[in-house]
Amino acid sequence: MDKRITSLHSLILVGMMLCVHLAAQAQFVHPGGVHTLEDLNRMKAKVLAKESPWIEGWNQMIKDSKAQNTYTARPSTSVSGASGVRQQAARDATAAYYNILRWYVTGDESYAKCAVRILNAWSSTVNGVVSGELFQLPIMMLVQSAELVRLYPGWAEADINRY
């Protein structure tokens, strides 16, 4: 019985080492968030072809006030501070996300510039580390949006680094 357990432990250890080795060999592919470049290209193709149900979802999104290139961020020095700040950060993150999607699909640079303004506003205002599970959610949304905004060549390297 002990030899079987030792063999099983050895097999598990070898399997784990193989997984670690394979993970170390994997290359990061940008964007690395919730969408791949293939996903974005498929979205774009379906929307431009006005295919259902993609076009209906698109039309619903572009009606949202957060999907407008005139959207203005309202950053705070800390996401985990005053009442409503976490919700505002989530709204701003959603606006950056919607705007960068609009740029990617339509090619209208005003939407990418809006997304950049939103992200730059937060990165130049926040001055503390976010803690607490609920407060990390909008940060995750901001990071996911930033990963897509990095596709836009107009986001300055200094701004990306600060972000």
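Worth saying up front: this structure is predicted, and the values here are computed from it rather than measured.
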Do any pairs count as a salt bridge (Lys or Arg N to Asp or Glu O under 4.0 Å) and have a residue in [range], sequence neighbours left out, and if so which ones?
{"range": "residues 98-119", "value": "none"}
{"range": "residues 154-163", "value": "D159-R162"}
{"range": "residues 65-74", "value": "D64-K66"}

For [X] versus [Y], what's the shortest heavy-atom pair and its separation?
{"X": "S76", "Y": "V126", "result": "O-CG2, 3.4 Å"}
{"X": "Y71", "Y": "C114", "result": "O-SG, 3.6 Å"}
{"X": "A90", "Y": "M141", "result": "O-CE, 3.6 Å"}
{"X": "A115", "Y": "V149", "result": "CB-CG2, 3.8 Å"}
{"X": "A96", "Y": "S145", "result": "CB-CB, 3.9 Å"}
{"X": "R91", "Y": "G84", "result": "NH2-O, 4.4 Å"}

Would you find a donor on one side and an acceptor on the other, under 3.5 Å apart, between the side chain of Q68 and the backbone of I62?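 At least one qualifying donor-acceptor pair exists.
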List in chain and number order the residues that pass side-chain hydrogen bond (donor to acceptor under 3.5 Å, both in side chains) with [X], two or more places apart in sequence or in another chain; answer none if no residue qualifies.
{"X": "W122", "result": "D92"}
{"X": "T77", "result": "none"}
{"X": "T70", "result": "none"}
{"X": "N59", "result": "none"}

Just so I know, are the side chains of L48 and W54 near enough to count as touching, which here means a heavy-atom distance under 4.5 Å? no
Is any side-chain heavy atom of L40 less than 4.5 Å from a side-chain heavy atom of V105? no
Quick one, Y104 with V47, criterion side-chain contact (heavy atoms from CB on, under 4.5 Å). Give me CA distance, side-chain angles, the key distance, then yes/no. CA-CA 11 Å; Y104 195 84; V47 168; over 6 Å; no
Residue set satisfying side-chain contact (heavy atoms from CB on, under 4.5 Å) with Q60, at least two apart, ordered chain then number -> K63
Mind checking what makes salt bridge (Lys or Arg N to Asp or Glu O under 4.0 Å) contact with E51, not counting sequence neighbours? K46
Ring pair (Phe, Tyr, Trp, His ring centres under 6.0 Å) contacts touching residues 138-163 (sequence neighbours left out):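 Checked against ring pair (Phe, Tyr, Trp, His ring centres under 6.0 Å) - neighbours excluded - the pairs reaching residues 138-163 are W103-Y152, W155-Y163.
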To the nearest 0.5 Å, what is the distance between CG on L119 and OG on S124?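 Output value for this atom pair is 10.5 Å.
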Kindly write out the residues that satisfy ring pair (Phe, Tyr, Trp, His ring centres under 6.0 Å) with Y97, not counting sequence neighbours, or none if the list is empty.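 Testing Y97 for ring pair (Phe, Tyr, Trp, His ring centres under 6.0 Å), a comparison that skips the adjacent residues, returns H35.
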